[in-house]
Asker: 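My structure is below; once you've seen it, I'll send some questions.
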Amino acid sequence: MGSAAGDSAQWLSVKEETIFLHDGLIRVTDLAELPSEIGISEAADTELEILTFETKNPTELAEHLRAVCGNQSNAYARLLEYRLNALRGLWNAQRQLALEDQHEREGTDEETLALLKRQGLLQQPEQAPFTSRMGLLLVFPLIQSQSKTDPSLCNLTAEVLLNCLRDCQPLSLTKEPADCLNGIETLLCSWLEDTSVLGPQVSFKQKENSAAALVALACARGSLKTFIHTVHLLQKQTDLGSLPVADVLYRLLLLEGGPGSPSCLLGSKHIVSWGFEDMLPAPDGTSGSNNENKDADLGRCLASDGLYLFTTNSVGRGLSKLGSGLHGTLRGFVYSRNEELEAGWIAYGSRKLLHRPASFDNKAHFLFQIIDQHTLQVSQIVAMPVNHFPVGSNMTTVHLSSDGTYFYWIWSPASLNEKTPKGHSVFMDIFELNVQNGVCFANPLHERIILIRKEGESAKSINEMLLSRLSRYRASPSATLAALTGSTISNTLKEDQTAANTSCGLPLKILRKTPMYTCGTYLVMLVPPPGGSGSSATRSLFGGSSGLSSLKILASSLVFNISDGQFTNRADLIDASGSSLGRGALVTGLGACYDTMNNMIWTCSNDYIDQWCNPGNQAFHVVCQRLGVTHIIADPKGEAVTTNEVINQLLHHVGAMCIHQLNLLANSSSSPISTFLGKQHPIESHHLNSICDIMEKAMVNGDKCIIRCILVVFQVVFKFFLDPQTERNRDTIRRAGLLLWQLLMAPKDQICPEIQREVCLAISFGLNILNPGELEINNLLKLILTEGDRNSGLSQLRDVILSNLTEQLQNNRFGSEEDEHYRLNDELLHYILKIVVRESCFLITKCQTVSKEEFQRLLSTVPVASPCLRYLMAVQNHLLSNTVLIKPDETDDSDSSLQGETLKVQELQSSILELATHILTGCDEVLEMLQRVTTALINSDLLDRDVRLKGLEQITKSTMLGHLLPVLLTSLMHPNLQTLTMADALMPQLVQLVLYTSQTALLLKTQCPILADVGSSPSPEQKNRLLLDDRMLEEKEEPGFLTGLKIPAPWAAGKTVETAHPVRDNYKFKETVHIPGARCLYLRFDSRCSSQYDYDKLVIYAGPNTNSRKVAEYGGNTLGYGSRSVLGTGWPKDLVKVVSLGLFHARIINGPKITKEELACQDLLRSKLLTRVLLNWSKWQSEVEDAVNGKLENNAPFFYDITLMGITAQGIGAFISIERIHSDGRISFFQEVNSLSEKNAHPMAKTKTLVKSLMNRAELLLHVTIAAQSGITRSISGTPTITHRFVVTIFPCCVAPMIKVNRTSSTYTVVLK
């Protein structure tokens, strides 16, 4: 089960576009099904088959023709088939996930429901007794009736209600019966609305008390409908000057839109984990031996602007810009990088990328560096604000973070090695970045904050989450947990207090590498779980495969309040096995950041990037920035507040509350919550009319703040609460649509871009409500698709609607009845395709027209898919995936079932044919433009012509040629789409496509010297490496006009296996490596391999499990040794070859750098005879050692009879000469075993004899060494092989083993014990 879940997580880490445009195919090589013709001999490929027409049976002849002509055994056909297998595997995983989500939708998201209840959005079960409720409900009409004859009763009742409600805290009445609260609201509203009944006898005080009581009721209840009703009534009361509700409104605003959970990492909020490479230089391991240098390493730093991720390497040096996979960016693609940036911290906010180098700790007048987001070069230095210099002689930066608006500099006035018994304070300074005359300067916002975590706050026995999960296993929490862990719980949680030397409870050296992020409300530090990774309690509780293994704590979030720096709570991360932490990554040195645009959290290890939903609310200043209001809450100066100010403050809270609800429900895994809420809290016609009245008045008055608040209310109402089926709502909905359209089409000088964005979101959320019926929706979409380029509002509305439809179509791709609802008709698709073609041609034209600087900026932002292109991708993937995954139901062979499947396939084929026809026609137009631009560039005299030609490929990836064409052509190979109808219809367009692509390819081929790495002159050693790698990695070249083109074979990629760093005590690890179609396995160990050999050993078995033959055993902290013998500890420095048919493993001796003699003896070194002699000698020695130690398997040595080994006469002679053995191998073998057994007192006797023999009879071996250089696989035989890698990392201190694997045909199991 766990393996299936891991495979699914690995599949979901890639997308269709990353499979074709990036490294997605390499990421799933161990999962994708191999091409069917892998393993066919080369002779069979070149063998000619004679086709005869002796048979007269048409069926047999057709099959014969298809067998001969249809099978394409060339490299390109194999690559297409492999890509199709990868697509099918990805779509299968996506369909399985959709089915699981469909089952989970029947459940509920408990965390979301609990928060909605706290916010008053979800109605609580009524707790009041029946008699009490009945009494209250009968009193309300009596009071209302009596007040008509006795107006003083109105004033008295309103005053009593005001005094009672004023004492209620905001949202404190959410658990009260709704009908009772509705009765109070109706009573108060009747006194304000129907003044004709009371006549002139009503006093101003009575109206004031009624209005104030209604405001207090709205604040205490927290209902959206009550807030809207209150604001609407207050706008009608023109004679009310002020209301005595200052304290009530102040408490309401302090809620900042409603209660929320603190930000932290939760397993339930983990979205996806995907592999990446930052393309930055790896840290120099040789210089890292100095402890001071190690302590100075910062760990990885991460920042995000919502579209791209910016990361340093694992020690904080360099900078790389990666695609996040959101908003059209290509996941994991390296858009730009700067390898020379010095070590430091990065943060993104206020549309600026900041960098603080570690060297600035010695330059007190410098604060930040501004980094250009395109070139990643330093563009400006921001000075430290005047009079803000830190006190003290030393200053150590701990971290730099941002919430998207403000920057948080965390530092300590001490050096790394400075020690004091009192400990050091950790300060946090908050800055706002302002720009004046093009110069950026930092402005401090707060007084300096000290981060404080008092001793004992985190030293709890175990967190509440773990205890709740253990409830079914325990009778007593402490006793059962102690029994499960085998230790005293209280002793395991003194992890950092004894060593803490800072105010936040962590040593300064550890704090410097601790990942941190801030959401604007909280500062979160990610630390290892209590007790450390080597805790015996952790091992005994979570080791093995028991049901409790999912309770393993991967990391802990220490949450500090930004306002005062106080530690608030601790949250533990569990149930995230698919994350990088679940795969064994260390918490220390992890990169983390908060993404304000998407309300997400990103974490980054050395190999994986994780995407998490933020469980907390957005920061109040971010929400207020969206609403266009101030986030500063001023203390009330008196009891009275003007009516206009009351309306503004109520709407500010309503807007913030709606934004929190949108974020909360958007991140909820239970989509029916919105349907449930809509049924429980329906917005009736008079409520929607009230919202429209408020909007109209704000538009007349030009109040942009209220307009933005009401637009957010519209989004919530349209998305969750409005029932468009009722008759009374239709006129009101039409009125709301006219108001929104009026705002959208307003002149630019009357509407700001923020309001335009909110209008587009409101129309998009209410697309089906504002436009009932398919005809009205199609008319709207036709308008925005045809007129969008002429109007900025329509263009933005088009992008928002298509992005929303794309998301909905992707979420409802498989087995949903709503998918047709999100698929537009062919006419609209044709309009969208025209836009995509126009965008693609315009982008390609930029390669020729823009300036050099603009072209470099363009390269750092592509490939990015536009909303129109993303929607076409979603439609194409929807149709192709459903067609490719159709399989006949083997359990149902009835005629109706077969007929239904046939009709479904035919319907999908018809839709695909229509779409493919338009796409291929558009691709022809784009290819024609590409050919013209390429020709113009070749014939131009631009100074950067070579750079532009190289960048043309990257820019083409951003067009429909990169995002649509590869998936379509690959999927057309599937049998379900191989029909005569489709072939007849698409063949002319495919021929035209081949012509354009061939002409463009030939054009580019003439510029091959230009397309090589510009300005790079490889050294002779690098040229050697390139030649060798090309010989090993290339497929057979394709004949024809593209001779020389190398077709990749991704299925031949190696495997990387890695353990956690460092490994814990009693750590166990098992991994099975299977590379089909290969003949042998090559293992290469990383130079940092290290373990405690007596306890941590790496054992390799030739088979699928530990019952198979043991091949090798390694361990220790020495590089350059390695043997199956326990005495020969260490890790091999060279390649280790494991032969699949032989029952042994071999070592290839390695030495220093390649000498001139070696270069002169290349032909000799490639001798297969010499290879066999060395391998046979190594095996002989291993078997002798096993026989001496009693470990010889099956009691029969491999060399029992050397004549059975198939060694040639020359090989036998050379081997006998070196080993001085008898021609009968059995005699010499046991003679040597007995000789070693008798000479145990002289352990070096055999070595001396062997050295002497080698010196006398194999002088050649003393002059020749075979070195394995970095990136080169050197074999004695010189046989071309394709290098594969897998890494097994074992280091309790700091390092680990790497194994580089060449092609194998068998399964090998690596076990660490």
Side-chain angles (χ1 to χ4, degrees), residues 107-140 143 157-158 160-189 212-230 245 247-262 464 468 569 615-617 650 653-654 656-658 660-665 668 670 672-684 687 716 720-721:
T108 56
D109 190 338
E110 296 181 359
E111 297 176 3
T112 304
L113 289 178
L115 193 54
L116 290 175
K117 290 178 182 178
R118 292 169 55 193
Q119 293 179 347
L121 188 60
L122 193 62
Q123 184 62 45
Q124 298 281 347
E126 299 175 351
Q127 304 293 333
F130 174 78
T131 54
S132 301
R133 291 177 51 228
M134 184 60 66
L136 286 174
L137 294 176
L138 291 175
V139 167
F140 295 142
I143 296 176
T157 306
V160 171
L161 288 174
L162 176 59
N163 292 332
C164 294
L165 293 172
R166 181 177 288 172
D167 296 334
C168 296
Q169 295 296 322
L171 309 183
S172 61
L173 300 183
T174 55
K175 296 183 180 180
E176 298 299 326
D179 47 5
C180 295
L181 297 178
N182 289 336
I184 299 175
E185 180 182 346
T186 304
L187 181 64
L188 293 172
C189 291
L214 186 60
V215 171
L217 174 64
C219 296
R221 189 177 185 183
S223 170
L224 175 61
K225 294 187 291 186
T226 305
F227 278 123
I228 293 298
H229 199 179
T230 302
V245 290
D247 55 339
V248 176
L249 293 175
Y250 177 72
R251 293 197 302 265
L252 179 69
L253 292 179
L254 288 179
L255 288 179
E256 298 182 348
S261 302
E464 296 178 359
S468 64
N569 71 316
N617 290 337
L650 287 177
H653 172 78
V654 168
M657 179 181 69
C658 290
H660 292 332
Q661 291 170 4
L662 286 172
N663 292 331
L664 179 66
L665 296 174
S668 172
S670 180
I673 286 183
S674 59
T675 305
F676 177 71
L677 291 175
K679 293 180 179 178
Q680 191 179 46
H681 296 272
I683 297 294
E684 300 175 0
H687 292 119
V716 174
F720 302 114
F721 303 130

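Heavy-atom basis, side chains included; hydrogens, waters and symmetry copies ignored. Keep in mind that what you see is a predicted model, and the values were worked out from it rather than measured.
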Asker: Against L650, only a single residue in V245, L253, I228, L249 fulfils side-chain contact (heavy atoms from CB on, under 4.5 Å); can you say which?
Answerer: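 Among V245, L253, I228, L249, the one that satisfies the side-chain contact (heavy atoms from CB on, under 4.5 Å) with L650 is L249.
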Asker: Which distance, rounded to the nearest 0.5 Å, do you find between the CG of D167 and the OG of S172?
Answerer: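 D167 CG to S172 OG: 10.0 Å, rounded to 0.5 Å.
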Asker: Is there a donor-acceptor pair closer than 3.5 Å between any side-chain N or O of H660 and the backbone N or O of E256?
Answerer: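 Confirmed, H660 side chain pairs with E256 backbone.
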Asker: I need the minimum non-hydrogen distance between A220 and C168, along with the two atoms involved.
Answerer: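 In terms of heavy atoms, the two residues are closest at CB-CB, 3.9 Å.
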Asker: Mind checking the CD1-CG spacing from I184 to L214? Nearest 0.5 Å is all I need.
Answerer: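 So the gap between those two atoms works out to 11.0 Å.
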Asker: Please give me the minimum heavy-atom distance between L165 and A216, naming the atom from each residue.
Answerer: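 Of all heavy-atom pairs spanning L165 and A216, the closest is CB-CB, 3.6 Å.
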Asker: With rounding to the nearest 0.5 angstrom, report the OG1 to CG distance, T186 to L181.
Answerer: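 Nearest 0.5 Å value for the OG1-CG distance: 10.5 Å.
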Asker: Less than 4.5 Å apart, side chain to side chain, heavy atoms only: is that true for N617 and N663?
Answerer: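 They are not in contact (no side-chain heavy atoms under 4.5 Å apart), so the answer is no.
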Asker: Does E185 pair with R221 as a salt bridge, N-O distance under 4.0 Å?
Answerer: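 Yes, charged N to carboxylate O under 4.0 Å.
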Asker: Within this structure, what is the CG-NE2 distance for the pair L217 and H229, rounded to the nearest 0.5 Å?
Answerer: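 So the CG of L217 and the NE2 of H229 are separated by 11.5 Å.
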Asker: Among L171, L252, L255, find the one that has a side-chain contact (heavy atoms from CB on, under 4.5 Å) with C219.
Answerer: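 Among L171, L252, L255, the one meeting side-chain contact (heavy atoms from CB on, under 4.5 Å) with C219 is L252.
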Asker: What's the separation between atom OG1 in T226 and atom NE2 in H687, rounded to the nearest 0.5 Å?
Answerer: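 Those atoms lie 7.0 Å apart.
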Asker: Looking only at heavy atoms, what is the nearest atom pair of P262 and P615, with distance?
Answerer: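 So the minimum-distance heavy-atom pair works out to O-CG, 3.8 Å.
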